[in-house]
Protein chains: 2
Amino acid sequence: MDELDSAIVRELQRDARQSNRDIARKVGVAPSTCLERTRLLRERGVIRGYHADIAPSALNRGVQALVSVQVRPLSRAVIDAFKAFTVGLPEVTAVFVMAGSDDFVIHVGAQDNEHLHAFLVDRLSQRKEIVGFRTSIIFQHLAKHDPAPLPEA
Amino acid sequence: MDELDSAIVRELQRDARQSNRDIARKVGVAPSTCLERTRLLRERGVIRGYHADIAPSALNRGVQALVSVQVRPLSRAVIDAFKAFTVGLPEVTAVFVMAGSDDFVIHVGAQDNEHLHAFLVDRLSQRKEIVGFRTSIIFQHLAKHDPAPLPEA
DNA sequence: GTGCTTCGCCGAACTTTATTCGGCACAGCG
DNA sequence: CGCTGTGCCGAATAAAGTTCGGCGAAGCAC
């Protein structure tokens, strides 16, 4: 993971669909070299994939929320089962397994408040391992797809 | 946004770097048609971009956390300023503006616990509009990059 | 210092893909 | 029944992806 790899990764984070030639030119290396580097980054698991960023409203997910969930007992079996359950639900777009007072934070998207409510009541709260959950509506979601590198300190 | 558009979007969510020809073949249409559809999707803002998914540890972000923050007064000026501030920090990878007891949820990544602590103490808690915040470590983060379509109901 | 080996980069050759554009067919409408 | 607009197709051209032999620098043994 030298400076060249970082530069390539940065470019692919910014725009994953620009041509290999363009990336090569920007990072100052031959296209064949850039291609080989990219292949290795993928192989090493540094690059996990390439995904289009889609406007949620276009996917019928105009309403989004974070749901904090506490489950009991806090055993591996229960955690794994609940995790697998939530990931399988179409409304769920991300699952965080947490330390602290909440065991899970689930990012969900639904068509509107009514659908969100139905999801919470009909799907989520069915699970017997849940001993409590709290839903917070997301007004705005800003994701940084091209994060600045961390300071060295 | 007909069935063809959805199919193209789905493919690009799954793998944004596959060739237009492959996508065209999978969705059953000519490459030129597929290209034109993709161009329009981009133009309409349905497709917001294409980004590589990078392993956090490769970016020196081995430790991640969600930070729930309450700010006062809850005015637009304060909210916008705090939002801009957090988005500008390199450790911050996403910002949620929330309804409910927390006004913000901030997704941060740092090299280790020490760096995370330093970030919270030296950067975040400097802000005078913060009246309280709570940090929860993320053990695991599962993101669905190819979400199943929502049920019609 | 010198010869040997390894590694990574380069650039040319070849294959595949992107992109453009004229034409055609179908649907909607007067 | 003809007219018009829209969207898809496929061929042609330009551009990009991909492979591979060779070269030069770096590291090492002697």
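Small disclaimer: the values here were computed from a predicted structure and weren't measured. Numbered from 1 within each chain, the chains take letters A, B, ... in sequence-line order.
The backbone N or O of A:Arg39 sits nowhere less than 3.5 Å from a side-chain atom of A:Glu43 that would complete a donor-acceptor pair. Not one N or O on the side chain of A:Glu36 forms a donor-acceptor pair closer than 3.5 Å with the backbone of A:Ser32. Here the side chain of A:Lys83 pairs no donor or acceptor atom with the backbone of A:Val97 at under 3.5 angstrom. Side-chain atoms of A:Ser125 come within 3.5 Å of backbone atoms of A:Leu120 as a donor-acceptor pair (strictly under, hydrogens ignored). Under the 3.5 Å distance criterion, the side-chain polar atoms of A:Asn20 are matched with a main-chain donor or acceptor of A:Pro31.
Annotation: the terminal axes of the helix from C:dG1-D:dC30 to C:dG30-D:dC1 meet at 30°, where each axis is the rotation carrying the C1' atoms of four end pairs onto the next four (5 pairs per end, rounded to 10°).
Side chains of A:Arg72 and A:Asp103 form a contact here, defined as non-hydrogen atoms less than 4.5 Å apart.
A salt bridge does not link A:Asp22 with A:Arg17: every distance from a Lys NZ or Arg NE/NH1/NH2 to an Asp or Glu carboxylate oxygen is 4.0 Å or more. Taking a cutoff of 4.0 Å between a charged side-chain nitrogen and a carboxylate oxygen, B:Glu3 and B:Arg10 qualify as a salt bridge. Salt bridge present: B:Asp5 and B:Arg44 bring a charged side-chain N and a carboxylate O closer than 4.0 Å.
Classified by interplanar angle (parallel below 30°, tilted 30° to 60°, perpendicular above 60°), the ring pair A:His141/B:Phe96 is parallel.
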At under 4.0 Å between heavy atoms, which parts of nucleotides 6-19 of chain D does protein reach? Answer with one letter per nucleotide, 5' to 3': B base, S sugar-phosphate only, - none. --SBB-----BBBB

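Put simply, chain A comes within 4.0 Å of DNA chain C, heavy atom to any atom, from C:dC9 to C:dG11, going 5' to 3'.
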